[in-house]
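Input: a single structure, listed below in C-alpha coordinates.
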Amino acid sequence: MAPSHEVNVWKLSVRKNRRRGHGVRWSVAGNEFSKWFTAYALADNYRAGLLRAARQGETFDTEAGLPESAAREQRSVTWFDLACRFVDLKWPHVAAKSRMSIADALATLTPVLVTTTRGVPEQKVLRAALYGWAFHKERRSTQEPDEDTAAAITWVRANSLKVVTLDEKDRRSELIRRALDAIALTMDGKPAAATVVARKRSVFYGVLGYAVELDILPANPIDKVAWKAPETADQVDRRVVAGPRQVDHLLAAVAKERPELVAFFACLYYAFLRPAEAAALTIDSCELPAKGWGRLILTGSAKRVGAAWTDHGTAIDQRQLKHRARDTVRVVPIPPVLVALLRDHIERFGTGAEGRLFQVTWGQRGKGGVVSTKVYGPAWQKARTAALTKAQQASPLAGRPYDLRHGGITLALNAGVPAPEVAARAGHSVEVLWRVYAGCVHGQEKLWNRRIEEALTEYEDTGNDPPDGRGIRFRGRLAGRFRCPHIR
(Lines give C-alpha, C1' and ligand atoms only; values in the text may rest on other atoms or scores of the structure.)
Protein backbone atom coordinates (compact mmCIF):
# COMPACT_ATOMS: atom_id res chain seq x y z
CA MET A 1 0.00 0.00 0.00
CA ALA A 2 1.05 3.62 -0.55
CA PRO A 3 2.37 5.69 2.40
CA SER A 4 0.10 8.31 3.89
CA HIS A 5 0.20 11.53 5.93
CA GLU A 6 -3.34 10.93 7.22
CA VAL A 7 -2.44 10.00 10.82
CA ASN A 8 -4.54 10.27 13.97
CA VAL A 9 -3.09 9.37 17.38
CA TRP A 10 -5.62 9.07 20.18
CA LYS A 11 -5.16 9.39 23.91
CA LEU A 12 -3.88 6.45 25.91
CA SER A 13 -6.31 3.64 26.65
CA VAL A 14 -6.54 1.56 29.82
CA ARG A 15 -7.68 -2.06 30.24
CA LYS A 16 -8.29 -3.05 33.85
CA ASN A 17 -7.00 -6.35 35.24
CA ARG A 18 -4.75 -6.98 32.24
CA ARG A 19 -0.98 -7.39 32.38
CA ARG A 20 -0.57 -5.15 29.35
CA GLY A 21 -3.15 -2.64 30.42
CA HIS A 22 -1.85 0.59 28.86
CA GLY A 23 -2.48 1.01 25.15
CA VAL A 24 -1.62 3.33 22.28
CA ARG A 25 -4.25 3.54 19.53
CA TRP A 26 -3.89 5.33 16.22
CA SER A 27 -5.02 5.21 12.61
CA VAL A 28 -3.29 5.63 9.27
CA ALA A 29 -5.48 6.41 6.26
CA GLY A 30 -8.47 5.01 8.14
CA ASN A 31 -6.72 1.76 9.17
CA GLU A 32 -6.68 1.39 12.96
CA PHE A 33 -3.67 0.08 14.93
CA SER A 34 -2.92 -0.47 18.58
CA LYS A 35 -0.03 -1.52 20.82
CA TRP A 36 -0.27 -2.39 24.51
CA PHE A 37 2.28 -2.04 27.31
CA THR A 38 2.72 -3.12 30.90
CA ALA A 39 3.43 0.41 32.18
CA TYR A 40 1.93 3.85 31.53
CA ALA A 41 5.35 5.40 30.90
CA LEU A 42 6.18 2.91 28.15
CA ALA A 43 2.88 3.55 26.40
CA ASP A 44 3.27 7.31 26.73
CA ASN A 45 6.81 7.18 25.29
CA TYR A 46 5.64 5.12 22.29
CA ARG A 47 2.74 7.52 21.66
CA ALA A 48 5.14 10.47 21.81
CA GLY A 49 7.31 8.85 19.13
CA LEU A 50 4.34 8.49 16.79
CA LEU A 51 3.32 12.11 17.35
CA ARG A 52 6.89 13.31 16.77
CA ALA A 53 7.11 11.48 13.43
CA ALA A 54 3.73 12.85 12.32
CA ARG A 55 4.64 16.45 13.25
CA GLN A 56 7.92 16.16 11.36
CA GLY A 57 5.95 15.28 8.23
CA GLU A 58 7.14 11.70 7.95
CA THR A 59 4.85 9.42 5.96
CA PHE A 60 3.35 6.37 7.65
CA ASP A 61 3.12 2.89 6.17
CA THR A 62 -0.59 2.11 5.78
CA GLU A 63 -0.02 -1.64 6.20
CA ALA A 64 2.30 -1.67 9.23
CA GLY A 65 0.95 1.55 10.73
CA LEU A 66 4.48 2.77 11.46
CA PRO A 67 6.52 5.75 10.31
CA GLU A 68 8.17 4.87 7.00
CA SER A 69 11.68 4.78 8.49
CA ALA A 70 10.58 2.32 11.20
CA ALA A 71 8.66 0.22 8.68
CA ARG A 72 11.72 -0.07 6.40
CA GLU A 73 13.85 -1.19 9.32
CA GLN A 74 11.20 -3.68 10.39
CA ARG A 75 10.93 -5.21 6.93
CA SER A 76 14.71 -5.58 6.60
CA VAL A 77 15.32 -7.79 9.67
CA THR A 78 16.00 -11.40 8.71
CA TRP A 79 15.44 -14.49 10.82
CA PHE A 80 19.21 -15.03 11.08
CA ASP A 81 19.79 -11.47 12.31
CA LEU A 82 16.98 -11.78 14.85
CA ALA A 83 18.29 -15.15 16.08
CA CYS A 84 21.75 -13.71 16.66
CA ARG A 85 20.28 -10.76 18.56
CA PHE A 86 18.24 -13.17 20.67
CA VAL A 87 21.40 -15.13 21.56
CA ASP A 88 23.15 -11.90 22.59
CA LEU A 89 20.13 -10.94 24.70
CA LYS A 90 19.98 -14.23 26.58
CA TRP A 91 23.68 -15.06 26.88
CA PRO A 92 24.56 -13.10 30.06
CA HIS A 93 21.52 -14.31 31.98
CA VAL A 94 21.33 -18.06 31.37
CA ALA A 95 23.37 -21.08 32.42
CA ALA A 96 25.92 -22.65 30.10
CA LYS A 97 23.60 -25.61 29.51
CA SER A 98 20.81 -23.25 28.46
CA ARG A 99 23.19 -21.47 26.06
CA MET A 100 23.87 -24.81 24.42
CA SER A 101 20.15 -25.58 24.23
CA ILE A 102 19.36 -22.24 22.61
CA ALA A 103 22.14 -22.69 20.04
CA ASP A 104 20.97 -26.23 19.32
CA ALA A 105 17.38 -25.11 18.70
CA LEU A 106 18.38 -22.18 16.49
CA ALA A 107 20.79 -24.35 14.50
CA THR A 108 17.84 -26.65 13.78
CA LEU A 109 15.41 -23.86 12.82
CA THR A 110 17.62 -21.56 10.75
CA PRO A 111 18.34 -23.91 7.80
CA VAL A 112 14.61 -24.28 7.09
CA LEU A 113 13.72 -20.59 7.44
CA VAL A 114 15.33 -19.64 4.13
CA THR A 115 14.08 -18.39 0.78
CA THR A 116 15.80 -21.13 -1.24
CA THR A 117 17.90 -24.24 -0.79
CA ARG A 118 19.93 -23.62 -3.94
CA GLY A 119 23.62 -23.70 -3.12
CA VAL A 120 23.03 -24.78 0.48
CA PRO A 121 26.24 -25.98 2.20
CA GLU A 122 26.64 -29.54 3.39
CA GLN A 123 24.44 -30.21 6.43
CA LYS A 124 27.31 -30.93 8.83
CA VAL A 125 29.22 -27.82 7.74
CA LEU A 126 26.15 -25.61 8.02
CA ARG A 127 25.20 -26.92 11.47
CA ALA A 128 28.77 -26.55 12.76
CA ALA A 129 28.85 -22.96 11.50
CA LEU A 130 25.54 -22.09 13.14
CA TYR A 131 25.91 -24.00 16.41
CA GLY A 132 29.63 -23.46 16.94
CA TRP A 133 30.04 -19.89 15.72
CA ALA A 134 26.95 -17.86 14.78
CA PHE A 135 24.94 -18.75 17.89
CA HIS A 136 27.92 -18.63 20.25
CA LYS A 137 28.13 -15.02 21.36
CA GLU A 138 31.76 -15.01 22.47
CA ARG A 139 33.11 -16.73 19.36
CA ARG A 140 31.08 -14.54 17.03
CA SER A 141 32.34 -11.43 18.84
CA THR A 142 36.01 -12.36 19.17
CA GLN A 143 36.96 -14.95 16.53
CA GLU A 144 37.12 -14.87 12.77
CA PRO A 145 35.41 -17.91 11.19
CA ASP A 146 37.40 -20.38 9.13
CA GLU A 147 36.84 -20.61 5.38
CA ASP A 148 34.09 -23.24 5.46
CA THR A 149 32.26 -21.52 8.31
CA ALA A 150 32.48 -18.11 6.60
CA ALA A 151 31.05 -19.54 3.37
CA ALA A 152 28.17 -21.18 5.24
CA ILE A 153 27.34 -18.00 7.16
CA THR A 154 27.47 -15.94 3.96
CA TRP A 155 24.91 -18.29 2.37
CA VAL A 156 22.62 -18.07 5.43
CA ARG A 157 22.77 -14.27 5.53
CA ALA A 158 21.91 -14.05 1.85
CA ASN A 159 18.99 -16.46 1.97
CA SER A 160 17.46 -16.07 5.42
CA LEU A 161 13.76 -15.17 5.43
CA LYS A 162 12.59 -11.73 6.46
CA VAL A 163 10.94 -11.99 9.86
CA VAL A 164 7.80 -10.19 8.72
CA THR A 165 7.28 -12.95 6.18
CA LEU A 166 6.50 -15.36 9.02
CA ASP A 167 3.31 -13.43 9.73
CA GLU A 168 2.07 -12.94 6.18
CA LYS A 169 -1.42 -14.42 5.93
CA ASP A 170 -0.77 -16.46 2.81
CA ARG A 171 2.55 -17.93 4.03
CA ARG A 172 2.29 -18.00 7.82
CA SER A 173 0.96 -21.52 8.17
CA GLU A 174 3.41 -23.03 5.68
CA LEU A 175 6.51 -21.40 7.20
CA ILE A 176 5.65 -21.90 10.86
CA ARG A 177 4.71 -25.54 10.27
CA ARG A 178 7.92 -26.08 8.31
CA ALA A 179 9.93 -24.86 11.29
CA LEU A 180 7.92 -26.83 13.84
CA ASP A 181 8.17 -29.99 11.75
CA ALA A 182 11.95 -29.54 11.65
CA ILE A 183 12.29 -29.44 15.44
CA ALA A 184 10.13 -32.57 15.71
CA LEU A 185 12.85 -34.62 14.02
CA THR A 186 16.37 -35.62 14.99
CA MET A 187 19.31 -34.99 12.65
CA ASP A 188 18.91 -38.46 11.15
CA GLY A 189 15.21 -37.90 10.42
CA LYS A 190 13.73 -39.90 13.30
CA PRO A 191 11.03 -38.49 15.62
CA ALA A 192 12.61 -36.45 18.42
CA ALA A 193 11.76 -36.99 22.07
CA ALA A 194 8.78 -34.98 23.29
CA THR A 195 10.92 -33.09 25.80
CA VAL A 196 13.37 -32.09 23.06
CA VAL A 197 10.54 -30.84 20.85
CA ALA A 198 9.09 -28.85 23.76
CA ARG A 199 12.47 -27.28 24.53
CA LYS A 200 13.15 -26.26 20.93
CA ARG A 201 9.61 -24.97 20.44
CA SER A 202 10.07 -22.82 23.54
CA VAL A 203 13.17 -21.24 21.97
CA PHE A 204 11.32 -20.65 18.68
CA TYR A 205 8.44 -19.05 20.55
CA GLY A 206 10.87 -16.90 22.53
CA VAL A 207 12.60 -15.57 19.42
CA LEU A 208 9.30 -14.59 17.80
CA GLY A 209 8.17 -13.08 21.09
CA TYR A 210 11.32 -10.97 21.00
CA ALA A 211 10.31 -9.86 17.51
CA VAL A 212 7.00 -8.65 18.96
CA GLU A 213 8.92 -6.79 21.66
CA LEU A 214 11.01 -5.08 18.97
CA ASP A 215 7.88 -4.10 17.01
CA ILE A 216 8.92 -6.30 14.09
CA LEU A 217 5.77 -8.43 14.45
CA PRO A 218 2.37 -7.39 15.83
CA ALA A 219 1.81 -10.74 17.59
CA ASN A 220 3.48 -14.12 17.90
CA PRO A 221 2.51 -16.06 14.74
CA ILE A 222 2.95 -19.43 16.46
CA ASP A 223 -0.27 -18.70 18.38
CA LYS A 224 -2.12 -18.60 15.07
CA VAL A 225 -1.01 -22.05 13.90
CA ALA A 226 -2.76 -25.12 15.30
CA TRP A 227 0.27 -27.43 15.36
CA LYS A 228 0.09 -30.27 17.87
CA ALA A 229 3.33 -31.00 19.68
CA PRO A 230 4.07 -34.49 21.05
CA GLU A 231 2.72 -35.01 24.53
CA THR A 232 5.27 -34.77 27.32
CA ALA A 233 4.94 -36.92 30.42
CA ASP A 234 5.00 -34.77 33.54
CA GLN A 235 4.62 -37.67 35.94
CA VAL A 236 7.45 -39.97 36.93
CA ASP A 237 7.01 -43.50 35.60
CA ARG A 238 6.42 -45.69 38.66
CA ARG A 239 8.47 -48.44 37.03
CA VAL A 240 11.72 -46.47 37.44
CA VAL A 241 11.34 -46.22 41.22
CA ALA A 242 13.57 -48.58 43.19
CA GLY A 243 12.70 -49.65 46.73
CA PRO A 244 15.08 -49.49 49.72
CA ARG A 245 16.20 -53.11 49.36
CA GLN A 246 16.91 -52.70 45.64
CA VAL A 247 18.86 -49.52 46.35
CA ASP A 248 20.93 -51.41 48.95
CA HIS A 249 21.81 -54.04 46.34
CA LEU A 250 22.71 -51.37 43.79
CA LEU A 251 24.93 -49.46 46.22
CA ALA A 252 26.65 -52.70 47.21
CA ALA A 253 27.39 -53.34 43.53
CA VAL A 254 28.81 -49.83 43.16
CA ALA A 255 31.02 -50.42 46.21
CA LYS A 256 32.73 -53.36 44.50
CA GLU A 257 33.67 -51.38 41.37
CA ARG A 258 33.77 -47.69 42.33
CA PRO A 259 33.62 -47.33 46.13
CA GLU A 260 34.30 -43.59 45.91
CA LEU A 261 30.89 -43.14 44.26
CA VAL A 262 28.76 -44.98 46.84
CA ALA A 263 28.09 -41.89 48.96
CA PHE A 264 27.45 -39.84 45.81
CA PHE A 265 24.64 -42.16 44.69
CA ALA A 266 23.37 -42.42 48.27
CA CYS A 267 22.90 -38.62 48.39
CA LEU A 268 20.54 -38.84 45.42
CA TYR A 269 18.35 -41.39 47.19
CA TYR A 270 18.47 -40.49 50.87
CA ALA A 271 18.72 -36.68 50.50
CA PHE A 272 16.71 -36.26 47.26
CA LEU A 273 19.61 -34.41 45.61
CA ARG A 274 20.00 -33.78 41.92
CA PRO A 275 23.33 -35.12 40.57
CA ALA A 276 24.67 -31.59 39.99
CA GLU A 277 23.80 -30.67 43.59
CA ALA A 278 25.61 -33.73 44.93
CA ALA A 279 28.63 -32.91 42.76
CA ALA A 280 28.83 -29.45 44.37
CA LEU A 281 28.77 -30.71 47.97
CA THR A 282 31.67 -29.56 50.15
CA ILE A 283 32.70 -30.67 53.61
CA ASP A 284 31.58 -27.28 54.98
CA SER A 285 28.03 -27.93 53.77
CA CYS A 286 27.70 -31.14 55.80
CA GLU A 287 26.68 -31.61 59.43
CA LEU A 288 27.54 -35.23 60.22
CA PRO A 289 27.13 -36.14 63.90
CA ALA A 290 28.45 -39.42 65.26
CA LYS A 291 24.87 -40.54 65.97
CA GLY A 292 21.43 -39.64 64.67
CA TRP A 293 20.32 -37.44 61.81
CA GLY A 294 22.55 -34.93 60.07
CA ARG A 295 22.00 -32.07 57.64
CA LEU A 296 23.18 -30.95 54.23
CA ILE A 297 23.18 -27.21 53.54
CA LEU A 298 22.96 -26.84 49.77
CA THR A 299 24.17 -23.64 48.16
CA GLY A 300 24.56 -24.47 44.48
CA SER A 301 25.20 -27.03 41.76
CA ALA A 302 28.13 -28.05 39.56
CA LYS A 303 27.52 -29.42 36.07
CA ARG A 304 30.02 -30.32 33.37
CA VAL A 305 28.94 -28.63 30.13
CA GLY A 306 32.08 -27.83 28.15
CA ALA A 307 34.54 -25.01 28.63
CA ALA A 308 33.44 -23.16 25.49
CA TRP A 309 30.03 -22.33 26.94
CA THR A 310 30.93 -21.09 30.43
CA ASP A 311 31.97 -17.55 31.38
CA HIS A 312 35.23 -18.61 33.03
CA GLY A 313 36.53 -21.03 30.40
CA THR A 314 36.34 -24.16 32.54
CA ALA A 315 34.22 -27.20 31.81
CA ILE A 316 32.26 -26.97 35.07
CA ASP A 317 29.40 -24.51 35.34
CA GLN A 318 28.92 -23.45 38.96
CA ARG A 319 25.35 -22.26 39.42
CA GLN A 320 22.85 -21.43 42.11
CA LEU A 321 20.24 -23.99 43.11
CA LYS A 322 17.76 -24.83 40.36
CA HIS A 323 14.91 -22.30 40.06
CA ARG A 324 16.30 -20.36 43.03
CA ALA A 325 17.88 -16.93 43.39
CA ARG A 326 21.61 -16.62 43.97
CA ASP A 327 22.78 -17.12 47.57
CA THR A 328 19.62 -19.10 48.36
CA VAL A 329 20.26 -22.21 50.47
CA ARG A 330 18.29 -25.41 50.97
CA VAL A 331 18.65 -27.37 54.20
CA VAL A 332 18.04 -31.11 53.87
CA PRO A 333 17.91 -33.39 56.95
CA ILE A 334 19.62 -36.71 56.19
CA PRO A 335 19.05 -40.08 57.90
CA PRO A 336 21.74 -41.87 59.94
CA VAL A 337 22.49 -44.31 57.10
CA LEU A 338 23.59 -41.45 54.83
CA VAL A 339 25.47 -39.75 57.66
CA ALA A 340 27.47 -42.95 58.15
CA LEU A 341 28.17 -43.30 54.42
CA LEU A 342 29.40 -39.70 54.15
CA ARG A 343 31.60 -39.98 57.23
CA ASP A 344 33.13 -43.18 55.83
CA HIS A 345 33.63 -41.53 52.42
CA ILE A 346 35.48 -38.56 53.92
CA GLU A 347 37.67 -40.85 56.04
CA ARG A 348 38.62 -43.09 53.10
CA PHE A 349 38.87 -40.64 50.20
CA GLY A 350 39.28 -37.21 51.77
CA THR A 351 38.13 -34.09 49.95
CA GLY A 352 39.09 -32.39 46.72
CA ALA A 353 39.65 -28.78 45.70
CA GLU A 354 37.70 -26.27 47.80
CA GLY A 355 36.69 -29.09 50.17
CA ARG A 356 34.60 -30.85 47.52
CA LEU A 357 33.36 -34.27 48.69
CA PHE A 358 33.24 -36.02 45.34
CA GLN A 359 36.04 -35.86 42.81
CA VAL A 360 37.47 -37.81 39.90
CA THR A 361 40.00 -40.21 41.43
CA TRP A 362 41.56 -41.71 38.30
CA GLY A 363 42.97 -40.67 34.95
CA GLN A 364 45.40 -37.88 34.19
CA ARG A 365 43.30 -35.23 32.46
CA GLY A 366 40.31 -35.20 34.80
CA LYS A 367 41.83 -36.35 38.08
CA GLY A 368 40.68 -34.23 41.00
CA GLY A 369 37.89 -32.64 38.99
CA VAL A 370 34.15 -32.56 39.57
CA VAL A 371 32.39 -35.86 38.95
CA SER A 372 30.19 -35.73 35.87
CA THR A 373 27.82 -38.01 34.01
CA LYS A 374 30.78 -39.40 32.06
CA VAL A 375 32.18 -40.62 35.36
CA TYR A 376 29.15 -41.83 37.29
CA GLY A 377 26.98 -42.88 34.31
CA PRO A 378 29.02 -45.95 33.25
CA ALA A 379 29.55 -46.93 36.89
CA TRP A 380 25.80 -46.95 37.45
CA GLN A 381 25.12 -49.12 34.42
CA LYS A 382 27.69 -51.66 35.63
CA ALA A 383 25.98 -51.70 39.03
CA ARG A 384 22.59 -52.38 37.42
CA THR A 385 24.07 -55.30 35.51
CA ALA A 386 25.55 -56.76 38.69
CA ALA A 387 22.65 -56.12 41.08
CA LEU A 388 19.49 -56.62 39.03
CA THR A 389 17.95 -59.63 37.36
CA LYS A 390 17.82 -59.89 33.57
CA ALA A 391 14.17 -58.87 33.58
CA GLN A 392 14.89 -55.88 35.81
CA GLN A 393 17.81 -54.81 33.64
CA ALA A 394 15.50 -54.82 30.61
CA SER A 395 12.96 -52.68 32.50
CA PRO A 396 13.23 -48.95 33.28
CA LEU A 397 13.94 -49.73 36.97
CA ALA A 398 16.59 -47.27 38.21
CA GLY A 399 17.70 -46.80 34.62
CA ARG A 400 19.47 -43.52 35.40
CA PRO A 401 21.18 -42.23 38.54
CA TYR A 402 18.51 -39.49 38.60
CA ASP A 403 15.92 -42.20 39.25
CA LEU A 404 17.42 -42.60 42.73
CA ARG A 405 16.10 -39.13 43.54
CA HIS A 406 12.67 -40.20 42.28
CA GLY A 407 12.87 -43.26 44.51
CA GLY A 408 13.74 -41.28 47.61
CA ILE A 409 10.97 -38.74 47.11
CA THR A 410 8.46 -41.51 46.42
CA LEU A 411 9.52 -43.32 49.60
CA ALA A 412 8.95 -40.18 51.68
CA LEU A 413 5.51 -39.49 50.18
CA ASN A 414 4.38 -43.08 50.69
CA ALA A 415 5.67 -42.97 54.26
CA GLY A 416 3.18 -40.16 54.96
CA VAL A 417 5.62 -37.24 55.14
CA PRO A 418 3.58 -34.08 54.40
CA ALA A 419 3.95 -32.85 50.83
CA PRO A 420 5.20 -29.35 51.82
CA GLU A 421 8.04 -30.92 53.81
CA VAL A 422 9.00 -33.29 50.99
CA ALA A 423 8.85 -30.41 48.49
CA ALA A 424 11.11 -28.24 50.66
CA ARG A 425 13.70 -30.99 50.97
CA ALA A 426 13.59 -31.83 47.26
CA GLY A 427 13.72 -28.21 46.07
CA HIS A 428 10.28 -28.31 44.45
CA SER A 429 7.09 -26.37 44.86
CA VAL A 430 4.21 -28.44 46.27
CA GLU A 431 2.32 -28.05 43.00
CA VAL A 432 5.23 -29.45 40.97
CA LEU A 433 5.75 -32.23 43.51
CA TRP A 434 2.19 -33.51 43.16
CA ARG A 435 2.17 -33.12 39.39
CA VAL A 436 5.40 -35.11 38.99
CA TYR A 437 4.95 -37.76 41.67
CA ALA A 438 1.20 -38.28 41.87
CA GLY A 439 1.47 -41.55 39.96
CA CYS A 440 4.01 -42.95 42.44
CA VAL A 441 1.90 -42.60 45.58
CA HIS A 442 0.43 -45.99 46.41
CA GLY A 443 -0.21 -48.39 49.27
CA GLN A 444 -3.55 -46.94 50.45
CA GLU A 445 -5.82 -48.30 47.75
CA LYS A 446 -7.64 -50.67 50.14
CA LEU A 447 -8.30 -47.80 52.56
CA TRP A 448 -9.87 -45.61 49.88
CA ASN A 449 -11.89 -48.52 48.47
CA ARG A 450 -13.25 -49.25 51.93
CA ARG A 451 -14.31 -45.65 52.44
CA ILE A 452 -16.10 -45.56 49.09
CA GLU A 453 -17.90 -48.78 49.91
CA GLU A 454 -18.95 -47.39 53.29
CA ALA A 455 -20.40 -44.35 51.56
CA LEU A 456 -22.29 -46.52 49.07
CA THR A 457 -23.78 -48.74 51.80
CA GLU A 458 -24.56 -45.87 54.15
CA TYR A 459 -28.34 -46.27 53.81
CA GLU A 460 -28.22 -50.01 54.43
CA ASP A 461 -26.92 -49.38 57.95
CA THR A 462 -29.67 -46.85 58.77
CA GLY A 463 -32.45 -48.74 57.02
CA ASN A 464 -33.78 -45.44 55.67
CA ASP A 465 -34.27 -44.08 52.19
CA PRO A 466 -32.44 -40.90 51.19
CA PRO A 467 -33.97 -37.72 52.70
CA ASP A 468 -35.82 -36.80 49.52
CA GLY A 469 -37.55 -40.20 49.42
CA ARG A 470 -35.98 -41.18 46.11
CA GLY A 471 -33.93 -44.28 45.45
CA ILE A 472 -34.00 -47.72 43.83
CA ARG A 473 -33.71 -51.16 45.35
CA PHE A 474 -31.70 -54.04 43.95
CA ARG A 475 -32.95 -57.63 43.95
CA GLY A 476 -31.17 -60.82 44.94
CA ARG A 477 -27.67 -60.55 46.38
CA LEU A 478 -27.66 -56.77 45.91
CA ALA A 479 -31.03 -56.21 47.54
CA GLY A 480 -30.84 -53.46 50.08
CA ARG A 481 -27.11 -52.92 49.60
CA PHE A 482 -26.95 -50.14 47.05
CA ARG A 483 -29.36 -47.33 46.27
CA CYS A 484 -28.85 -44.58 43.71
CA PRO A 485 -30.33 -41.24 44.89
CA HIS A 486 -30.60 -40.01 41.29
CA ILE A 487 -33.01 -42.72 40.01
CA ARG A 488 -36.55 -43.28 41.28
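Not measured: the values here are computed from a predicted model.
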Practice task
Please check if the side chain of Thr110 supplies one atom and the backbone of Ala107 the other of a donor-acceptor pair under 3.5 Å.
Solution key: no
Problem - Donor-acceptor contact below 3.5 Å, side chain Thr154 vs main chain Ala150 - result: yes
Handout entry: Check: Leu411 and Tyr269 side chains under 4.5 Å, non-hydrogen atoms
Key = yes
Practice task
Keeping the roles fixed (side chain from Arg178, backbone from Val112), state whether a donor-acceptor pair exists under 3.5 Å.
Solution key: yes
Practice task
Side-chain contact test, heavy atoms from C-beta onward, threshold under 4.5 Å: evaluate it for Thr38 versus Arg19 and give yes or no.
Solution key: yes
Completion exercise
Taken to the nearest 0.5 Å, the spacing of Leu208 CG from Phe86 CZ works out to 9.5 Å
Handout entry: Phe33 six-ring face occupied by Lys35 cation (under 6.0 Å, within 45°)
Key = no
Practice task
Name all pairs fulfilling the side-chain hydrogen bond (donor to acceptor under 3.5 Å, both in side chains) condition that reach into residues 121-140, sequence neighbours left out, sorted by first residue then second.
Solution key: Asp88-Arg140, Asp104-Arg127
Practice task
Mark yes or no for whether Arg47, through its side chain, and Trp10, through its backbone, hold a donor-acceptor pair below 3.5 Å.
Solution key: yes
Handout entry: Pair Trp79 + Phe204: ring centers closer than 6.0 Å
Key = yes
Exercise for the section: Answer yes or no on whether Arg15 is positioned over the face of Trp36, meaning its NZ or CZ is under 6.0 Å from the six-membered ring centre and within 45° of the axis. Expected result: yes
Handout entry: Minimum side-chain heavy-atom gap Leu250-Leu388 below 4.5 Å
Key = yes
Practice task
Taking atom types as modelled, find out whether Ser76 and Lys162 have a side-chain donor-acceptor pair closer than 3.5 angstrom.
Solution key: no
Exercise for the section: Could you tell me whether the side chain of Asn414 and the main chain of Thr410 form a donor-acceptor pair under 3.5 Å? Expected result: yes
Problem - Residues that Asp167 engages under side-chain hydrogen bond (donor to acceptor under 3.5 Å, both in side chains), provided they are two or more places apart - result: Arg172, Lys224
Practice task
Would you check if the side chain of Thr115 reaches a backbone N or O of Asn159 as a donor-acceptor pair within less than 3.5 Å?
Solution key: yes
Fill in the blank from the handout: Nearest heavy-atom contact between Leu298 and Glu277 is CD1-OE1, 4.2 Å
Completion exercise
On a heavy-atom basis, the closest approach of Val120 and Leu126 is CG2-CD2, 4.1 Å
